[in-house]
Amino acid sequence: MTMTLDISSRRERPLTASQPAIPRSLIGLTREELAEVLVEIGIPERQRKMRVSQIFRWLYNRGVTSFVDMTDVGKPLREELERRFTLDRLTIVEEQISSDGTRKWLLRLPPSGPLGQRHEVEAVYIPEEDRGTLCISSQVGCTLSCTFCHTGTQTLVRNLSAGEIIGQLLIARDRLGEWPDQLASNPNPPLGGRYITNIVLMGMGEPLYNFDNVKAAMEIVSDNEGLSLSRRRITLSTAGVVPMIPRAGEEIGVMLAISLHGTTDEIRDKLVPLNKKYPIAELMAACRTYPGLSNARRITFEYVMLRDMNDSNADAKRLVKLLEGIPAKINLIPFNPWPGSPYECSDWERIEAFAEIVNRAGYASPIRTPRGRDIMAACGQLKSASERMRAKDRRIAEDAAAPTA
Ligand code: SAH
């Protein structure tokens with residue numbers, strides 16, 4: 001009798017059609033997943049932990065792009081890994097640098113799905129005096145259709161794999177020159193040796209709809225031998241997927257941001273349609289019990305300022321009332337317009353009057369200076385150019401097909 005070893009059941013985040021096609025990327029495997037690969041390759045148990053650490057350091061501390069560079073990983077293991085995995089970076093389709101130093105990358109993902117399509121996502125780097133924030137995407141497009149958000153008009157949606165989420169960071173490090181070799185030859189290295197000090201999951205997509213991959217990616221990002229960024233410097237922003245909020249706190253342990261934008265269900269239903277499913281009271285209850293909250297660890301509430309929609313003094317007062325008892329800071333975001341957007345940004349005086357009310361109630365309420373507007377990199381403006389191109393192509397095709405008089 002012969003027995004076959006079934007390795008198809010090994011624990012692994014599901015490889016669905018929305019995952020990249022084979023060969024898989026080695027980037028994005030958690031320590032446990034990598035250890036399982038080593039079991040398959042036949043690496044003895046006593047070596048596994050050390051090998052995982054070595055590989056992690058090469059991938060995430062040194063940023064190697066080829067297996068040959070992993071000099072302390074034995075040749076047979078390196079070659080076996082190379083047979084099974086790729087270290088390919090996401091492809092940079094376009095890099096734009098704003099007059100304010102903000103950088104935006106349009107990145108092409110590896111082929112995925114039965115048709116081997118290559119989707120695109122955007123990542124944005126925002127340098128400030130005391131920090132450098134990288135804003136990354138968790139999905140291609142978004143299913144939420146918030147009426148003021150450009151990404152929500154993009155119909156194409158798939159989850160990013162953990163490797164694709166981390167891939168955005170690796171590209172940013174490549175381009176900013178943050179790897180040790182690059183820093184060593186940099187005459188003006190940044191303070192503390194880092195350009196990227198903070199990460200926000202505020203790009204395209206709803207991170208809590210891609211929970212497993214976001215969780216795996218953040219595990220690697222916060223790992224000391226991974227990208228070693230403290231979980232307190234990672235902020236996950238959600239439109240309010242209430243049932244996943246406690247899990248985000250317990251299992252991912254990052255800082256939380258809530259895209260609130262409205263203070264009554266009537267208004268919020270219009271702006272964030274997800275509110276119909278998870279209304280404000282439920283959302284606030286989930287925030288109140290978010291683990292680890294304190295004055296030093298507050299929830300950020302994002303509030304986009306829309307003229308005559310959500311920007312009155314009464315709105316500001318209701319907002320203060322809603323937040324009672326929650327360690328919170330409020331981020332007022334001037335609305336960033338996009339072609340065809342149905343709203344206008346509130347006047348500056350209105351925004352200041354709103355901020356004043358919130359401030360007097362004891363909440364920090366910085367008004368977020370729009371960054372990178374000239375390159376459409378500001379909040380809610382992200383929408384991959386592939387999608388824009390498609391719309392343009394469609395129009396050209398329609399014009400061509402239109403009957404001439
Ligand atoms: N889906 C998540 C992650 C996206 S974060 C979430 O909703 O939180 C993107 C942030 O930018 C959100 O707070 C979103 O509400 C905000 N935003 C979207 N469109 C905007 C626009 N046009 N102007 C200003 N902020 C916008």
Side-chain angles (χ1 to χ4, degrees), residues 27-28 56-57 59-63 89-90 95-98 100-105 107 121-138 162 165-204 207 214-237 248 252-257 292 294-300 302 327 329-331 333 364 366-372 375 377-379 382:
I27 292 156
F56 255 50
R57 284 201 297 267
L59 294 181
Y60 306 119
N61 270 327
R62 303 292 299 277
R89 290 284 201 257
L90 307 180
E95 177 181 66
Q96 285 176 280
I97 305 182
S98 159
D100 67 15
T102 299
R103 292 184 186 219
K104 182 169 85 166
W105 296 279
L107 302 171
V121 290
E122 289 173 320
V124 178
Y125 175 70
I126 307 147
E128 287 172 279
E129 227 156 73
D130 61 337
R131 67 179 67 191
T133 305
L134 184 70
C135 176
I136 57 177
S137 297
S138 56
I165 296 171
I166 291 184
Q168 299 168 61
L169 252 141
L170 302 187
I171 290 279
R173 278 197 148 177
D174 289 346
R175 299 298 302 151
L176 295 166
E178 201 181 58
W179 300 112
D181 295 350
Q182 295 170 306
L183 286 174
S185 57
N186 180 345
N188 299 306
L191 219 61
R194 290 208 171 218
Y195 288 102
I196 303 168
T197 61
N198 292 62
I199 291 186
V200 293
L201 280 150
M202 290 187 187
M204 293 161 66
V214 166
K215 178 181 164 183
M218 293 310 116
E219 232 172 87
I220 295 167
V221 169
S222 58
D223 192 301
N224 278 338
E225 286 171 332
L227 290 150
S228 78
L229 264 170
S230 145
R231 287 175 197 263
R232 303 188 54 163
R233 290 181 168 273
I234 304 172
T235 302
L236 182 153
S237 179
I252 312 182
V254 292
M255 306 298 283
L256 185 67
S294 68
N295 268 344
R297 279 176 67 97
R298 297 167 192 246
I299 296 182
T300 303
E302 297 159 274
K329 54 186 171 205
I330 294 136
N331 226 324
I333 316 175
I367 302 168
R368 196 188 281 172
T369 340
R371 299 291 302 263
I375 56 168
C379 298
L382 304 185

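Just so it is clear, the values below take in all heavy atoms, side chains as well, and ignore hydrogens, waters and symmetry mates. The shown structure was predicted, so the numbers you read here are calculated from the model rather than taken from an experiment.
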query: To the nearest 0.5 Å, what is the distance between CD (Glu219) and CZ (Arg231)?
result: 6.5 Å
query: Is any side-chain heavy atom of Thr300 less than 4.5 Å from a side-chain heavy atom of Ile330?
result: no
- prompt: Can Arg194 and Ser228 be counted as having a side-chain donor-acceptor contact under 3.5 angstrom?
  reply: yes
- request: Test side-chain hydrogen bond (donor to acceptor under 3.5 Å, both in side chains) on Thr133 and Arg233 and set out the steps.
  value: CA-CA 9 Å; Thr133 305; Arg233 290 181 168 273; over 6 Å; no
- request: Would you check if Ile252 and Val214 make a side-chain contact, meaning some heavy-atom pair closer than 4.5 Å?
  value: yes
- request: Measure the CD1-CG distance between Ile234 and Leu236 for me, rounded to the nearest 0.5 Å.
  value: 9.5 Å
message: Apply side-chain contact (heavy atoms from CB on, under 4.5 Å) to residues Leu170 and Ile27 and explain how you reach the verdict.
response: CA-CA 10 Å; Leu170 302 187; Ile27 292 156; 3.7 Å; yes
task: In sequence, state the C-alpha distance, the side-chain angles, and the governing distance for Ile136 and Ile165, and then conclude on side-chain contact (heavy atoms from CB on, under 4.5 Å).
output: CA-CA 7 Å; Ile136 57 177; Ile165 296 171; 3.8 Å; yes
message: Just verifying a value: how many Å separate Ile199 CD1 and Leu169 CG, rounded to the nearest 0.5 Å?
response: 4.0 Å
query: Are Glu95 and Arg103 ion-paired here, with the side-chain N under 4.0 Å from a carboxylate O?
result: yes
- prompt: Which atom names give the shortest non-hydrogen contact between Arg173 and Tyr60, and what distance separates them?
  reply: NH1-O, 2.9 Å
query: Where is the tightest heavy-atom contact between Met204 and Val121, given as atom of each residue plus distance?
result: SD-CA, 4.2 Å
field: Minimum-distance pair of heavy atoms, taken over all atoms of Leu59 and Trp179
entry: O-CH2, 4.0 Å
query: Does any non-hydrogen side-chain atom of Glu128 lie less than 4.5 Å from one of Asp130?
result: yes
message: Please find the pair of heavy atoms, one from Met255 and one from Arg298, that lie closest to each other, and give the distance.
response: CE-O, 3.7 Å
query: Is there a donor-acceptor contact under 3.5 Å linking the side chains of Ser137 and Glu122?
result: no
message: If I compare all heavy atoms of Ala216 with all of Ala162, which pair ends up nearest, and what's the gap?
response: CB-CB, 4.0 Å
message: Return the CZ to CG distance between Arg232 and Asn198, rounded to the nearest 0.5 Å.
response: 11.5 Å
query: Is there a side-chain contact between Val200 and Cys135 (heavy atoms, below 4.5 Å)?
result: yes
message: Between Val124 and Met202, does the side-chain contact (heavy atoms from CB on, under 4.5 Å) criterion hold? Intermediate values first, please.
response: CA-CA 10 Å; Val124 178; Met202 290 187 187; over 6 Å; no
query: Going by distance alone, is a donor N or O of one side chain under 3.5 Å from an acceptor N or O of the other, for Thr197 and Arg131?
result: no
task: Give, for atom CD1 of Ile126 and atom OG of Ser98, the distance between the pair rounded to the nearest 0.5 Å.
output: 10.5 Å
field: Spatial distance of atom OH (Tyr125) from atom CD1 (Ile171) [nearest 0.5 Å]
entry: 16.0 Å
message: To check you understand the geometry: which heavy-atom pair defines the closest contact between Leu183 and Gly193, and what is its length?
response: CD1-O, 3.2 Å
Any Ser237 side-chain heavy atom under 4.5 Å of Glu302 side chain: yes
- request: Find out whether Phe56 and Asp223 are in side-chain contact, i.e. whether some heavy atom of one side chain is under 4.5 Å from a heavy atom of the other.
  value: yes
query: Do Val254 and Thr235 have side-chain heavy atoms sitting under 4.5 Å apart?
result: no
